[in-house]
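Okay, structure first, notes after.
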Amino acid sequence: MTLRSRFTLFTVFWLIFILILYNIFVYFFVIRVTTRGEMQIMANKTDLIVETLRKNQMEGIEDPKLLSDMYNANEMMRIVNKDMEVVNIVGIDKELKSITPVISNVVRNETVRISGQRVLIYSEPLYYHDQLYGVVEGIRRLTVLDSYLQILVGALSVTSVGAVVFAIFGTYWFTSRLTGPIGQMVQTMKEIDRSGKLHQVKLGREESIELQQLIRAFNQMIDRLDRTIERQKQFVADASHELKTPLTVIGSYADMLKRWGKDNNEIRDEAIEAIANETERLKKLTHSMLTLAEAEQDDWLHMDRFNVVVVLRELANILSTTFQREIRVHSSTASIMMVGDKDKIRQLAQILIDNALKYSKEPVDVRVRPERNHVKVEVTDYGMGIAESEIPFLFERFYRVDEARHRTTGGSGLGLSIAKKIVDVHGGHVEVFSKIGVGTTIVIQFPRNLHHN
């Protein structure tokens, strides 16, 4: 069953239930009010008769005029003594006259049915010298009242049916407008599944705020998917290009070995060295690509609390020994604690320091300092610098500031992409400040206490 049908049926059934309760309440409320009004009329008549007889000391009790002045159509008035004898009576309705009187010393009223019609009986005791003489009874058919009630029932039925019909069409129209954008999104998804091309849903002005938010969220998701797919295509194209170059070199030198390597030692040594170098580049490139792939997994980080100053100084000592270069770590305190993946932070620092060493012959400065709830790390080199127009693309995959020199530096173009990913998963952000001929400073800020899910 569709959402439209469910919503329509729910609304109609709920409306019918409310209308039934409302009609029952109105019907019995009207009966109660109108019956009470009729009873008050009979009470006023019997009160007047009893008061008249009391003032006249029971004189004229058998006078027909006493009751006829109070008589109306569809009524019967009578005075009955305590011996069940009718002393005075007025009325022509035989069914009303056949009702057995009840002698009581208290006021009595009730509604009974005779021949399918409601009849109101009102009885008031009559005293003479403080002794119960009998009762004055007023009996009245509620024919007119019942006819009005039938009209009321008819009116309530017609209006209820009209309300239900209106609710059916109104709800169906409303749900059509409500589910229209949802249906459009479903059709868009089917079209995407069929054609493989991403499409956005057009946003109309008449949709509700919630539907507009839903459509915007859907379109944003489609836009993100589109960008992700484009990045994947670009990544595959770039990776293919990067893999093709060393494979071409290896293939060329292997072919050279086949032709002249056996007889020419110089060519053989050159080919072997070139193949070894390109193989090493392939290993580094493959490792970087696997690292980026692993970074997309939820369990990539292993959180721990550690001293970032100690990690940076240990790494600086190792790289200084390895490359015979000066790497200076500056910190105002020997202990700055943060929560994160210690190995990934170390890898991040190694990538940044390694880049600084490649593009600068001067010492590299690493500064770390605490700032309230954050830890700031700066890596500064005093090399050739980066053009301002190149900085926005610096962390893109396979991007190189100088394509001509990447062979000599041995870079794969993925190091800074991995670094940016490490910063992002730690909830930090990175900024680059550089000037041609002066140097480059990369500033990274991490939260001290990272809540990672």
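- To the nearest 0.5 angstrom, S320 atom OG is 7.5 Å from L357 atom CG.
- In the model, Q40 has a side-chain atom that pairs as donor or acceptor with a side-chain atom of N44 under 3.5 Å.
- Other residues, nucleotides and ligands place no more than 12 heavy atoms under 6.0 Å from the CD atom of E388.
- A donor-acceptor pair under 3.5 Å links the side-chain atoms of T34 to the main chain of I31, judged by distance alone.
- Atom CD of E266 has 12 or fewer neighbouring heavy atoms from other residues, nucleotides or ligands inside a 6.0 Å radius.
- Residue E273 qualifies as open at atom CD: its count of foreign heavy atoms under 6.0 Å is 12 or below.
- L315 CG to L348 CG: the interatomic distance, rounded to the nearest 0.5 Å, is 10.0 Å.
- For the residue pair H330 and D365, a side-chain donor N or O sits within less than 3.5 Å of a side-chain acceptor on the partner.
- Salt-bridge annotation for K45 and E124: absent, with no side-chain N of the basic residue lying under 4.0 Å from a carboxylate O of the acidic one.
- From T159, atom OG1 reaches atom OH of Y22 across 8.0 Å, with rounding to the nearest 0.5 Å.
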- Could you go step by step and tell me if E378 and K376 meet the salt bridge (Lys or Arg N to Asp or Glu O under 4.0 Å) rule? CA-CA 7 Å; E378 299 177 0; K376 181 175 285 188; 5.0 Å; no

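- Checked by atom type and distance alone, the side chain of T322 never pairs as donor or acceptor with a backbone atom of L319 at under 3.5 Å.
- Residue K420 qualifies as open at atom NZ: its count of foreign heavy atoms under 6.0 Å is 12 or below.
- A donor-acceptor pair is defined here as one N or O able to donate and one able to accept, closer than 3.5 Å; no such pair exists between the side chain of E396 and the backbone of F393.
- Partners of S335 by side-chain contact (heavy atoms from CB on, under 4.5 Å), not counting sequence neighbours, listed by chain and number: N307, M337.
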